[in-house]
J.: 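Pasting in a structure now, in structure tokens, and then I'll have a few things to ask.
Computed from heavy atoms alone, side chains included, the values below leave out hydrogens, waters and symmetry copies. Small disclaimer: the values here were computed from a predicted structure and weren't measured.
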There are 2 protein chains.
Amino acid sequence: MKTRESFVPVYFQLAEDLKEKILAGELKPGDALPSETQLGEQYRISKMTVRNGLRLLAQEGLIKSFRGKGNFVAHPNLSELILKLSDPGLESSRSYDAKLLAINVISAEDGVALRLQIKPGSKLIRFRRLLLMDKEPVAVENRYLTYQRGQPLVEQEIKYADFPEAVAKHTGIITEGNQVTISAVSLNQADSELLETSSGIPALKIEQLVYGRKNTPLGLSIMICHGEKYHLIASTRSFFS
Amino acid sequence: MKTRESFVPVYFQLAEDLKEKILAGELKPGDALPSETQLGEQYRISKMTVRNGLRLLAQEGLIKSFRGKGNFVAHPNLSELILKLSDPGLESSRSYDAKLLAINVISAEDGVALRLQIKPGSKLIRFRRLLLMDKEPVAVENRYLTYQRGQPLVEQEIKYADFPEAVAKHTGIITEGNQVTISAVSLNQADSELLETSSGIPALKIEQLVYGRKNTPLGLSIMICHGEKYHLIASTRSFFS
DNA sequence: CAGTGGTCTAGACCACAAA
DNA sequence: TTGTGGTCTAGACCACTGG
């Protein structure tokens, strides 16, 4: 093939060709692709270029490679989704803001201590924030941070407390992982007042545990989100970065 | 470096080295990495091998490449998570089962028709399933499928209706995308009876839209999940495939 | 212009799988 | 053993960025 008239890379053309065959059903899940050497001969391109193209398909989850056996069309896995947390509701038409309610030093209660793997009663920094969409309160966030001596975590957090993106950027270097749990709860009295609604209303509870190196918990964020005004959107991964 | 005594690929060692430097803070977000040719000289490996290693870091979101400029340590994005849907609760110690309640042909109501981009009143196949954990009902699922003439979608769905994994595998070829919306609602009367609890209890509502080629909606799944017994877990992407 | 990342080649050897 | 994917090389040219 190697259509040099176009400016798309050859490996990309190969990938598109195969993708087309897979999506059209010409190649079904479980089927073997032609071997890399065969593809190289068919398309008159080198093996490395073939592999470059196949890598694209593998990244999209369309094929799987098995050493010594071949490349095979994958059984699509629709259950793995990408969740984007930062952007509440995704409706970019809406304005988004956050209001810092308080910063205190508190003693860790049992539940929080357990999750952060510290002793109950240990000192923690707590942020309370109110998240607003279109100037309406939609969520309350409690963020707990372990005090890390000598690490600029705390100062940065305070400085950028009302800019969650900035927080992520500045504390991010040391963070290695992140686990989020999503559940449904009823609004309690205090939170319902902050959210300017009545208690008992259903709400999303989003717990976010941030880990540093060696799986040390660094912080915990618990968000209580108004069920009707705030929702999460996730979708299958695809394309570019 | 090129330690040939070990069995780890050279490019992998390079990636680990750089990763270490980044995680240790030696290289900070925004910093430029040595150029690919420089790295090749430092490690006495060829440029392609260097690029192979850098690709790993790029996939993990640790670095970003800019043509003509260089490779740079990325500002970590903790807001992009991977959500695994199929596995309810993740506690693998629990047994998981599904019970098919009914399969009917129905006329699409407005809300469903809108999401599936069809005319209200069009014929749809509806599955109602009850999801069980430890033999306790935790969620009700309503699945709506457009009737696709000549495509074995329906038959496969029926055949494997109680094996969601199988459904995914067999219908998967034609599906290209997937969008999930998560919100919090109150249990209505009918659902609360199925879930053997009282109405008004908070519940997770998980809407899943499956698209085929050319962004044609193929099906819609609406799950109502018992708030206390069912929760979702997501985490940052990492490692292998 | 020089330097960078992006693509591509035509070989080579390795580890692994299946017959 | 043969064939497969996985790694690696030492070059080459391109497109882009910035001074």
Side-chain angles (χ1 to χ4, degrees), chain A residues 1-19 22 27 29-74 239-241, chain B residues 1-19 22 27 29-74 239-241:
Chain A
M1 205 60 66
K2 203 170 163 178
T3 315
R4 244 38 196 100
E5 304 141 19
S6 68
F7 293 112
V8 288
V10 189
Y11 74 90
F12 194 81
Q13 292 180 39
L14 167 65
E16 287 297 303
D17 275 16
L18 291 173
K19 188 173 177 176
I22 294 171
L27 287 166
D31 287 359
L33 270 62
S35 83
E36 298 179 350
T37 12
Q38 282 173 24
L39 283 173
E41 288 162 1
Q42 284 177 31
Y43 286 78
R44 322 273 326 220
I45 57 183
S46 84
K47 188 191 172 189
M48 286 300 290
T49 307
V50 172
R51 288 180 58 74
N52 220 334
L54 294 180
R55 188 165 43 75
L56 286 187
L57 301 180
Q59 277 172 0
E60 289 187 48
L62 278 172
I63 68 170
K64 276 207 171 290
S65 297
F66 299 92
R67 168 184 294 201
K69 299 171 81 172
N71 292 287
F72 297 84
V73 180
F239 353 110
F240 340 91
S241 63
Chain B
M1 207 61 67
K2 203 169 164 180
T3 315
R4 242 42 196 96
E5 306 140 16
S6 67
F7 293 113
V8 288
V10 189
Y11 74 90
F12 193 81
Q13 293 180 37
L14 167 65
E16 286 299 303
D17 275 17
L18 291 173
K19 190 172 176 175
I22 293 172
L27 287 166
D31 287 358
L33 270 61
S35 82
E36 297 178 351
T37 13
Q38 282 173 23
L39 284 173
E41 287 162 3
Q42 284 177 31
Y43 286 77
R44 322 274 326 221
I45 58 183
S46 83
K47 188 189 171 191
M48 286 300 289
T49 307
V50 172
R51 288 181 58 76
N52 221 335
L54 294 181
R55 187 165 45 75
L56 287 187
L57 301 181
Q59 276 171 1
E60 289 186 48
L62 278 173
I63 67 169
K64 278 208 171 287
S65 297
F66 299 91
R67 168 183 294 199
K69 300 172 82 171
N71 291 289
F72 298 83
V73 180
F239 354 110
F240 340 92
S241 65

J.: Do B:Tyr43 and B:Thr49 come within less than 4.5 Å of each other through their side chains, counting heavy atoms only?
T.: no
J.: Can B:Ile22 and B:Ile63 be said to form a side-chain contact (heavy atoms from CB on, under 4.5 Å), step by step?
T.: CA-CA 9 Å; B:Ile22 293 172; B:Ile63 67 169; 4.0 Å; yes
J.: Could you please name the option among C:dT4, D:dG6, C:dC8 that lies closest to any side-chain atom of B:Gln38?
T.: C:dT4
J.: Quickly work out the B:Arg51 CZ to D:dT7 P distance and round it to whole Å.
T.: 16 Å
J.: Map every base of DNA chain D to its dot-bracket character, where paired means a Watson-Crick or G-U wobble contact with both distances under 3.5 Å and | marks a partner outside the strand.
T.: ||||||||||||||||||.
J.: If you define the side chain from C-beta out and look only at heavy atoms, does anything of A:Gln42 sit under 4.5 Å from A:Leu39?
T.: yes
J.: Of B:Gly70 and A:Met48, whose closest DNA chain C nucleotide lies nearer the 5' terminus?
T.: B:Gly70
J.: Just N and O in the side chain of A:Thr49: are any of them under 4.0 Å from OP1 or OP2 of C:dT9?
T.: yes
J.: Base, sugar-phosphate or nothing for A:Asn52? Non-hydrogen atoms, less than 4.0 Å.
T.: nothing
J.: Starting from C1' on C:dG5, measure out to CG on B:Leu39 and report it in whole angstrom.
T.: 12 Å
J.: When the distance from OH of B:Tyr43 to C1' of D:dT7 is rounded to whole Å, what number comes out?
T.: 18 Å
J.: Quick one: A:Phe12 CZ to C:dT7 C1', roughly how many Å, whole number?
T.: 14 Å
J.: Which nucleotide sits closest to the side chain of B:Thr37: D:dG11, D:dT4, C:dT4?
T.: C:dT4
J.: Using the 3.5 Å cut-off, write out each protein N or O paired with an N or O of nucleotides 15-19 of chain D and the distance between them.
T.:
from: D:dA15; atom 1: O4'; to: B:Arg67; atom 2: NH1; distance (Å): 3.3
from: D:dA15; atom 1: O3'; to: B:Arg67; atom 2: NH1; distance (Å): 3.4

J.: Starting at atom NZ of A:Lys47, determine the distance to atom C1' of D:dG3, rounded to an integer number of angstrom.
T.: 11 Å
J.: When you compare the side chain of A:Leu18 with that of A:Leu54, does any pair of heavy atoms fall below 4.5 Å?
T.: yes
J.: Can a donor-acceptor pair under 3.5 Å be found between the side-chain atoms of B:Lys64 and the base atoms of C:dG5?
T.: no
J.: Keeping the roles fixed (side chain from B:Gln13, backbone from B:Val8), state whether a donor-acceptor pair exists under 3.5 Å.
T.: yes
J.: Give the rounded distance in Å between these two atoms: CD of A:Glu36 and P of C:dC13.
T.: 19 Å
J.: With sequence neighbours excluded, tell me which residues meet side-chain contact (heavy atoms from CB on, under 4.5 Å) with A:Glu16.
T.: A:Phe12, A:Lys19
J.: I'd like to check the side-chain hydrogen bond (donor to acceptor under 3.5 Å, both in side chains) partners of A:Arg67; sequence neighbours left out, ordered by chain and number.
T.: none
J.: Which nucleotide in the list C:dT9, D:dA10, C:dT4 gets nearest to the side chain of B:Ser46?
T.: D:dA10
J.: Send over the distance from A:Asn71 CG to C:dC16 C1', rounded to a whole Å.
T.: 14 Å
J.: Got a sec, which residues hit side-chain contact (heavy atoms from CB on, under 4.5 Å) with B:Thr37, two or more places apart in sequence or on another chain?
T.: B:Ser35
J.: Of all heavy-atom pairs between A:Ala15 and A:Gly53, which one has the smallest distance, and what is that distance?
T.: CB-O, 3.7 Å
J.: Tell me which nucleotide among D:dT9, D:dG5, D:dC8 gets nearest to the side chain of A:Ser65.
T.: D:dG5
J.: Distance check needed: C:dT7 P versus A:Tyr11 OH, whole Å only.
T.: 3 Å
J.: Check whether any side-chain heavy atom of A:Leu56 sits under 4.5 Å from a side-chain heavy atom of A:Tyr11, and report yes or no.
T.: yes
